[in-house]
Amino acid sequence: MLRTRKIRWLSGTMVLLAILTLLLPQALLPQAAAAQAQTSGIDAVLVADVSNSMNTSDRDKISNEAMKMFIDMLPVQGDKVGIVAYTDQVEREKAMLEIQSDADKSSLKDFIDQLGRGPYTDVSVGVAEAVNILNHGADPSHSPMIVLLADGNNDFNKTKGRTQAQSDADLAKAVKEAQDQGIPVYTIGLNADGKLNKNALADLAQQTGGKSFITDTPDDLPQILSEIFADHAKLNVVKLPSVTGNGSYQEVTVNVPNDSVLEANISIMSSKPVEVQLTDPSGQAVDLNSDAAKLSTSKSYSLVKLLKPQEGDWKLRVKGAPKDSIDINLLFNYDLQLVVDPIKTKSYAKGDKVDLAAKLENGGQPLQDNDLYTDMKATLVVKDVDTGKSEEQPLENTGSGFAGTFEVPDNHNYELVIRAEEDSFYRESAPITINASGAAGSGSQPTTSGGEQDKPFPWLPVILGVIALIVVGVGAWFLMGWLKQKNRGFVGQMVVEIRDENTGDKSYPQYKKLVSFRGRFHLHQLLQLDPELKETEKYVFTPSNGDRIIIRNTAGGTLEKSGRAVDASSGVELKNGDRLSIPLQQADKTILIEYLV
């Protein structure tokens, strides 16, 4: 398994790390590891239901368009992609292919266009094979993921005696493997015939740390694919102005904010073909089949990829059919890491202050373009490891980094993470552990008698002893890091309804199990990341003691609990049976929640 190979690699390098700790501050090692992890590529397996039922669930072959668009959005080189087409068995399969050229992308897209349809369906077959492909073909230094396109329904061949219970057991096994190896499954529910099993797909995504989406039209693909990329690569989607075609070229400004952008993906979606032109910030026309930019087209989308684009305003000119709606999304790709300056390795106590400083690095070097910091905001996320509660505090933007002070509030253990964000991306630092439990060791030095001072100092045993202790310490550090990933979980479920304030209509209740979440989650995840309800991202849930949950509005404000307005900026505790009403300003809707244990 990927995780097993990674642990073996770590074990094999422990001695080397131990020697390095003699030369480097110990607190620097987690930061170096984080920098390497954040520059990793993507290893993705695209999984498509190709059963005959998709003739109605996916009559326009949205799944094919989604997979091809996913491939076009990948960087020009370095990432790996595999494909699984399944019914109640694997119909066709393409092993992991490392993308090195446009020809490799064309080969993958040609394979997708050749997929046929067959009888019966078993979702567990597709997911299990995708996990198996990643086991045998993924790069351990890359970030694995699975994208599943299906309607979520099973249809078994009765002559084979296959049962739903057997399928559920096989799916649970595959999900457990994905969880153990850190493989998120992103699901795109195809719902052209209205028979989508959205709960099954949502549960699969939640259990593995992915996200779930629903569509019945290719028009949703840019937003869905952009959200998947954004979530996996720590990016934010930039929405550009929509255009209504009039038969002439219309201009849209694409601002590249800084020279740290590696790629810019401009996805253009319309129901009819469009023509595209592009000029760079100097006003020169850009060849869309060159080293500077590439244009990919399909029957339902066009995608312009800018390669290492110049900072400034680019002009995109789009010509569409009269009255045709043209949606445009922008997604940047950065090679940036957020690195925290080492802090003193010691035990702390209540009231102690810890000075923190963080900065962005590009390719392991401090960022040269400080203009990138101009519109950025940074937040310190503090998790009390002993209680499981989390709090946030803003940090100062110094113009070339971020700074702040953490005052230890109690004699507990804490985990600190710094998150820096601007409109097009965000980055998170590696966790910093603060030990304030009061179990500090003595800082005094051993003493010797006068007679012992004449004896030669036993350097060799001391050096060997120090190396042995460091090896044990580094091993314990890796073990603690692995255990900390098993964050505190949630219990129970939430009943969610959405009321339209213009009509008074309410949606059917949706029952959202919480057991798959760890540490924290936001309300937008429960609402299947509906773009219309994006403002619900500011409502964050964290676990509390006694099977209770804390909800907090990170932007400040109030909500209604059991009919009474309460301040949610500092956190509101929910116990079994509590009800919430959360009014939304941008969508004229109210989210109704009941927490059940």
Side-chain angles (χ1 to χ4, degrees), residues 189 198 202 211-217 219-231 234-244 252-253 255 257 267 269 325-332 375-377 379 392 394 419 421-426 494-510 512 520-541 550-561 563-572 574 579-594:
K198 62 181 180 181
K211 293 184 178 180
S212 182
F213 302 85
I214 298 172
T215 183
D216 55 9
T217 169
D219 295 344
D220 297 334
L221 283 180
Q223 184 66 32
I224 290 175
L225 270 299
S226 296
E227 289 282 356
I228 290 175
F229 263 85
D231 183 69
K234 295 183 174 61
L235 303 171
N236 292 327
V237 179
V238 179
K239 183 70 175 177
L240 297 179
S242 297
V243 172
T244 300
V252 175
T253 298
N255 177 258
S267 58
M269 185 63 61
S325 178
I326 304 171
D327 291 324
I328 308 172
N329 279 337
L330 175 62
L331 195 66
F332 294 118
D375 298 320
M376 295 195 72
K377 296 181 180 179
T379 303
E392 296 181 4
R419 174 182 170 122
E421 183 171 10
E422 63 107 60
D423 288 341
S424 61
F425 78 100
Y426 66 93
M494 287 188 179
V495 185
V496 181
E497 298 175 278
I498 303 175
R499 183 175 65 214
D500 189 324
E501 295 303 330
N502 294 319
T503 64
D505 295 334
K506 286 198 302 185
S507 66
Y508 287 107
Q510 301 180 46
K512 306 289 187 178
R520 55 183 282 168
F521 67 94
H522 52 73
L523 180 56
H524 200 213
Q525 292 172 265
L526 286 187
L527 302 175
Q528 298 182 349
L529 299 162
D530 185 342
E532 183 186 15
L533 309 177
K534 186 175 178 60
E535 64 182 291
T536 56
E537 285 182 341
K538 64 187 179 182
Y539 291 95
V540 178
F541 297 90
I550 302 293
I551 180 173
R552 184 168 50 84
N553 185 338
T554 59
T558 62
L559 51 77
E560 288 186 9
K561 178 182 177 182
R564 182 171 60 89
V566 293
D567 182 7
S569 59
S570 58
V572 176
L574 301 181
R579 297 171 181 263
L580 297 178
S581 297
I582 301 176
L584 304 183
Q585 304 301 319
Q586 300 174 10
D588 289 332
K589 297 182 186 297
T590 298
I591 310 300
L592 307 174
I593 295 176
E594 182 178 5

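This structure is a prediction, so every number in the text was calculated from the model and none was measured. Residues take their numbers from the sequence shown, with the count starting at 1. Atom set for the values below is all heavy atoms of this structure, side chains included, hydrogens, waters and symmetry mates excluded.
Between P394 and T379 there is no side-chain heavy-atom pair separated by less than 4.5 Å. In this structure, I591 and Y539 have side chains that are not in contact, with every pair of non-hydrogen atoms separated by 4.5 Å or more. Residues I582 and T536 have side chains not in contact (no heavy-atom distance under 4.5 Å, counting atoms from C-beta outward). Looking at heavy atoms from C-beta onward, I498 lies in side-chain contact with L527 at the 4.5 angstrom threshold.
Heavy atoms only, all atoms of each residue included: P241 and I328 are closest at O-CD1, 4.0 Å. Across K538 and A555, no two heavy atoms sit closer than the pair CD-CB, 3.8 Å. Here the shortest heavy-atom pairing between M494 and F541 reads CE-CE2, 3.3 Å. Minimum heavy-atom separation, I550 to G571: CG2-CA, 3.9 Å. Summarising the geometry of F332 relative to N255, their closest heavy-atom pair is CZ-O, 3.2 Å, with the distance given to 0.1 Å. The shortest heavy-atom contact between S581 and L592 is OG-CD2, 3.5 Å.
Distance check: L580 CG to I551 CD1 gives 5.5 Å after rounding to the nearest 0.5 Å. One finds the OG1 atom of T590 at 11.5 Å from the CG atom of L559 (value rounded to the nearest 0.5 Å). The CG atom of D588 lies 4.5 Å from the CG atom of N502; values are rounded to the nearest 0.5 Å. Atom CZ of R520 sits about 9.5 Å away from atom CD of Q525, to the nearest 0.5 Å.
Not one N or O on the side chain of E227 forms a donor-acceptor pair closer than 3.5 Å with the backbone of I224. Of the possible polar contacts, none joining the E392 side chain to the T554 backbone as a donor-acceptor pair under 3.5 Å is found. Under the 3.5 Å distance criterion, the side-chain polar atoms of E535 are matched with a main-chain donor or acceptor of Q585. Here the side chain of K512 pairs a donor or acceptor atom with the backbone of L526 at under 3.5 angstrom.
A salt bridge is absent between K377 and E421: the closest approach of a Lys/Arg side-chain nitrogen to an acidic carboxylate oxygen does not fall below 4.0 angstrom.
Residues N553 and S569 bring no donor and acceptor atom of their side chains to less than 3.5 Å of each other.
A search for salt bridge (Lys or Arg N to Asp or Glu O under 4.0 Å) contacts involving E501 returns R499, not counting sequence neighbours.
Summarising the local packing, CG of D375 is surrounded by 12 or fewer heavy atoms from other residues, nucleotides or ligands at distances under 6.0 Å.
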